[in-house]
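Okay, so here's the structure we're looking at.
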Amino acid sequence: MTTTPRNPLTRRRFLAATGLAGAGAFLAGCGGGSQSPGAEPAQGDGGASGYEGPNVELAFWNGFTGGDGPVMQQLVDQFNSEHPNIAVKMTVMEWADYYQKIPTAVQSGNGPDVGIMHIDSLPTNAARNVIVPLDDVAEALDLKQEDFAEVVWSAGEYEGQRFGIPLDVHPLGFFYNKTVLESAGLDPESPPTDRQSYEAALEQLKSAGVQGHWMSPHVFTGVLTVEALVWQFGGDLFNADGTEVTWAEDPAVEALTWAVDLVRNGYSPTDVGQDADAIALQNGQSAFNWNGIWHINTLKEVPDLEWGVAPLPNIGGTQAAWAGSHNFVLPRQRSADENKQQAARVFINWVSQQSLAWAEGGQVPARNSVRESAEFQALPEQSALAQQVDYLHFPPPVPGIGDVLADFNQAVNEAVLLTKEPAAALSEAADRASKKLEENRERYGG
């Protein structure tokens, strides 16, 4: 059975060509090592004292093409109204285009003044001198490790310097269709939380003629689901410092086998199309969908849909979930403009303090204080997924890690499509990826 979505959710592909799909190929020729990543000194007070210079216009690039785009535009408009001598002009493009354009633009001297990057893209862009350190901004914002979940804070650093100011965390969550659950005789207010209850629910749904969990072979959301499962089964994709591939080991094989068995046991159709898993939940064709927090606002727009969201069920025995994170970055400039440098830092400083407004666009604030506030807790869906913050996982901060993860993506695709057994798919992918890790150490001087 081939399932194709009637209304593809292009926003769900928003990371398809970021760190997950690889950035090394088009970064290899950018900035090539003539400078170390930290060669450009930190500027001033990180924007803490504001900007009193002449009028400047800042180019701000990002890939917020979904429901988060209007939220960021509102913040930009508010900032501009409060800072008459700074005009921030936001340019939005698909993330795939963004990550292709920005290295070339920086190299030619036409890069933006401010940008957003996903956490797994920071090391590659830092190593290739596309972005500059932001330690002064972190200091101006009085950002400390204890203000953030450990995984969020440490992931923004590369070789002892901070290259990203964390704006948010966007974890994978467990979405469920209450109407479908109730029609199958399940409690719509008590979704499964572990392997036993999850598999029991799937079997009951199957008896009612419902394929409960459509397992996608695509990065969104099948690969992210399997990554979460690998960690839940006690494994990892890499060793601690990202120098070795570990996804061919037993925990990962168990995790991928469990996901593939969703198809083999008839709980999922075969060959689920891109975004068809999300559409199936909306249309009442499935009960469960592991998807990103960005899906909240999409579901809110579906008329008469009764749905809920919760932390991921613990299938493997260890609580774990995949997550990404948007970070502010400052692209390297060929000719330094001190006024723009200061104004850009003022902008980052200001937006960083508006993380509650940003959360309403479908994100989890990076700051502990905002995440724990009564105002954020009043956002039931976002706060439900924020419960996972202490056991979220990011890839290791290694340049070119996205190119390596492309092999894991392929392994999941092959196994879920039933063209290779999970162990063989993972082993072959690990062999290819190990060679890439070695090549990347030479390419990026690691």
Side-chain angles (χ1 to χ4, degrees), residues 35 37-64 68-92 98 102 105-106 108-117 122 125-126 129-144 147-148 156-157 161-168 326-359 361 363 365-367 369-370:
Q35 292 178 297
E40 184 167 313
Q43 300 293 318
D45 62 357
S49 62
Y51 174 70
E52 298 180 356
N55 291 349
V56 294
E57 181 175 290
L58 300 179
F60 173 35
W61 289 9
N62 62 64
F64 295 136
D68 44 12
V71 177
M72 181 57 75
Q73 185 62 62
Q74 290 173 8
L75 289 173
V76 168
D77 292 344
Q78 182 181 345
F79 174 85
N80 287 341
S81 68
E82 295 180 12
H83 299 80
N85 55 347
I86 305 174
V88 176
K89 181 180 180 181
M90 189 168 90
T91 299
V92 179
Y98 173 86
I102 195 166
V106 167
S108 65
N110 297 308
D113 301 294
V114 185
I116 296 285
M117 285 188 178
L122 293 181
N125 286 283
N129 297 302
V130 176
I131 55 178
V132 302
L134 287 171
D135 297 280
D136 64 313
V137 180
E139 184 176 351
L141 288 168
D142 196 26
L143 303 183
K144 301 181 179 66
D147 296 331
F148 298 87
E157 295 181 339
Q161 290 184 295
R162 175 156 298 282
F163 284 86
I165 300 298
L167 178 62
D168 60 49
H326 294 117
N327 279 243
F328 274 110
V329 295
L330 290 182
R332 188 176 295 276
Q333 304 298 322
R334 174 175 289 181
S335 300
D337 183 322
E338 292 185 5
N339 289 323
K340 284 192 172 185
Q341 287 182 337
Q342 176 67 6
R345 285 165 164 79
V346 170
F347 174 64
I348 293 175
N349 190 315
W350 185 89
V351 177
S352 295
Q353 298 178 54
Q354 316 301 317
S355 55
L356 181 62
W358 179 240
Q363 307 288 343
R367 288 175 176 244
S369 58
V370 179

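Scope of the values below: all heavy atoms of this structure, side chains included, with no hydrogens, waters or symmetry mates.
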Practice item. Tell me, please, which residues at least two apart from Thr91 pass side-chain contact (heavy atoms from CB on, under 4.5 Å). Key: Trp61, Met93

In Å, rounded to the nearest 0.5 Å, how long is the span from [atom1] of [X] to [atom2] of [Y]?
{"X": "Gln363", "Y": "Asp68", "atom1": "CD", "atom2": "CG", "value": "6.0 Å"}
{"X": "Ile116", "Y": "Ile165", "atom1": "CD1", "atom2": "CD1", "value": "11.0 Å"}
{"X": "Phe328", "Y": "Phe60", "atom1": "CZ", "atom2": "CZ", "value": "4.5 Å"}
{"X": "Trp358", "Y": "His326", "atom1": "CH2", "atom2": "NE2", "value": "6.5 Å"}
{"X": "Asp147", "Y": "Ser369", "atom1": "CG", "atom2": "OG", "value": "6.5 Å"}
{"X": "Glu139", "Y": "Leu134", "atom1": "CD", "atom2": "CG", "value": "12.5 Å"}

Check your understanding: Is there a side-chain contact between Trp350 and His83, using heavy atoms and a 4.5 Å cut-off?
Key ->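 Yes. Closest side-chain heavy atoms under 4.5 Å.
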
Check your understanding: Among all residues two or more places apart in sequence or in another chain, which pass the salt bridge (charged side-chain N to carboxylate O under 4.0 Å, His left out) test with Arg162?
Key -> Glu157

Nearest heavy-atom neighbours spanning [X] and [Y]:
{"X": "Ser352", "Y": "Arg367", "value": "O-NE, 3.7 Å"}
{"X": "Gln333", "Y": "Pro112", "value": "NE2-O, 2.8 Å"}
{"X": "Pro166", "Y": "Phe148", "value": "CG-CE2, 3.8 Å"}
{"X": "Arg332", "Y": "Val106", "value": "O-CG1, 3.4 Å"}
{"X": "Gly109", "Y": "Arg334", "value": "CA-CB, 4.0 Å"}
{"X": "Leu122", "Y": "Gly164", "value": "CD1-CA, 4.0 Å"}

List the atom pairs, with distances to 0.1 Å, where a side-chain N or O of residues 71-80 and a protein N or O form a donor-acceptor pair under 3.5 Å, not counting sequence neighbours.
unit_1: Gln73; atom_1: NE2; unit_2: Asp77; atom_2: OD1; d: 2.9
unit_1: Gln78; atom_1: NE2; unit_2: Glu82; atom_2: OE2; d: 3.1
unit_1: Asn80; atom_1: OD1; unit_2: Val88; atom_2: N; d: 2.9
unit_1: Asn80; atom_1: ND2; unit_2: Val88; atom_2: O; d: 3.1

Exercise for review: With sequence neighbours excluded, tell me which residues meet side chain to side chain donor-acceptor pair (under 3.5 Å) with Asn327.
Suggested key: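 Once residues adjacent in sequence are excluded, the partners of Asn327 under the side chain to side chain donor-acceptor pair (under 3.5 Å) criterion are Ser325.
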
Point to revise | Qualifying residues under side chain to side chain donor-acceptor pair (under 3.5 Å), relative to Asn110, sequence neighbours excluded | key: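 Partners of Asn110 under the side chain to side chain donor-acceptor pair (under 3.5 Å) test: Ser108.
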
Review point. Are the side chain of Gln341 and the backbone N or O of Asp113 linked by a donor-acceptor pair below 3.5 Å?
Key: no

Anything under 3.5 Å between a donor and an acceptor, one on a side chain of residues 51-59, the other on a protein residue two or more places apart or in another chain? List them.
unit_1: Tyr51; atom_1: OH; unit_2: Pro54; atom_2: O; d: 2.5

